[in-house]
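Only heavy atoms go into these numbers, but all of them, side chains included; no hydrogens, no water, no symmetry mates. In this text, all values refer to a predicted model and were calculated from it rather than measured experimentally.
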Amino acid sequence: METLTVKIESMQDMIAAAVDAAKRAEAGEAVEARSVLSFDSWEAMHRTLAPKRTEIVMAMAGRGSLTVREVAKLVDRDIKNVHGDLDMLAKSGVIDKTEDGFAFPYARIHFEFDMEAAA
């Protein structure tokens, strides 16, 4: 199982990285395939991956497709609240919606970003 890399970067940076990878691939260079989820700000990332949602994601890692009830049991939380979090995580691209529930198809999450003091 692979790693999901979470980044904070601007849309311009995302586009530049994609264009660079495409150019390198066209030139015959090996381009590392990575699963990356990008957010445009710390706030957006934190809203999506709030502590209780991150707990859900990590509880799902490596378990395949799970029903809402199974996830709620894993994290010992109310089914209704877990269902709302799962829907939000799926809409944000963090987890996958499957025929019979939800899945997080990664073994771990790697956070990759810098924080600087305001100018």
Side-chain angles (χ1 to χ4, degrees):
M1 250 193 253
E2 73 180 89
T3 299
L4 173 65
T5 299
V6 175
K7 298 173 99 175
I8 297 174
E9 62 183 347
S10 69
M11 182 63 80
Q12 290 171 321
D13 290 340
M14 285 186 266
I15 292 169
V19 168
D20 180 58
K23 285 180 182 177
R24 290 186 327 197
E26 279 182 6
E29 293 180 41
V31 178
E32 177 188 357
R34 296 190 325 163
S35 296
V36 177
L37 179 62
S38 295
F39 294 94
D40 63 356
S41 69
W42 166 263
E43 292 78 14
M45 183 195 74
H46 193 266
R47 265 192 315 273
T48 303
L49 292 171
K52 288 192 183 255
R53 291 187 185 130
T54 301
E55 178 185 10
I56 287 172
V57 171
M58 295 317 301
M60 295 175 66
R63 295 181 186 264
S65 187
L66 298 167
T67 65
V68 174
R69 185 175 302 280
E70 290 170 324
V71 175
K73 197 175 214 177
L74 284 172
V75 295
D76 193 28
R77 289 185 48 213
D78 176 76
I79 291 172
K80 183 180 176 185
N81 292 333
V82 169
H83 188 267
D85 285 341
L86 289 169
D87 279 341
M88 197 275 191
L89 289 164
K91 287 176 184 169
S92 299
V94 178
I95 62 173
D96 298 328
K97 178 108 172 90
T98 64
E99 249 181 58
D100 48 339
F102 296 88
F104 180 66
Y106 305 98
R108 65 188 193 145
I109 299 175
H110 171 75
F111 291 91
E112 186 177 295
F113 57 88
D114 296 320
M115 296 179 76
E116 295 179 17

Return the [atom1] to [atom2] distance between [X] and [Y], rounded to the nearest 0.5 Å.
X	Y	atom1	atom2	value
I8	M45	CD1	CE	4.5 Å
K7	H110	NZ	NE2	9.0 Å
L89	T48	CG	OG1	7.5 Å

Taking C-beta and beyond as the side chain, do [X] and [Y] meet within less than 4.5 Å on heavy atoms?
X	Y	result
L66	L74	yes
F104	L4	yes
D87	F102	yes
K97	L86	no
P51	H46	yes

#### Entry: Distance-only polar pair, side chains of T5 and E112, donor-acceptor under 3.5 Å
no

Heavy-atom pair of closest approach, residues [X] and [Y]:
X	Y	value
L37	V94	CD2-CG2, 3.4 Å
A107	M58	O-CE, 4.2 Å
S65	G101	OG-N, 3.8 Å
A59	V75	CB-CG1, 3.8 Å
V82	I56	CG1-CD1, 4.3 Å
A103	P105	O-CD, 3.6 Å

#### Entry: Single-linkage hydrophobic cluster, 4.5 Å side-chain cutoff, F39 and M88 together
no

### Message
Determine whether a donor-acceptor pair (N or O, by modelled atom type, separation under 3.5 Å) exists between the side chain of T54 and the backbone of L49.
### Response
yes

### Task
For the pair R53 (side chain) and R47 (backbone), establish whether a donor and an acceptor sit closer than 3.5 Å, ignoring hydrogens and angles.
yes

### Task
Identify the residue among K80, R77, K52 that makes a salt bridge (charged side-chain N to carboxylate O under 4.0 Å, His left out) with D85.
R77

### Message
Taking atom CG as the centre, does D76 end up with more than 12 heavy-atom neighbours from other residues, nucleotides or ligands that are less than 6.0 angstrom away?
### Response
no

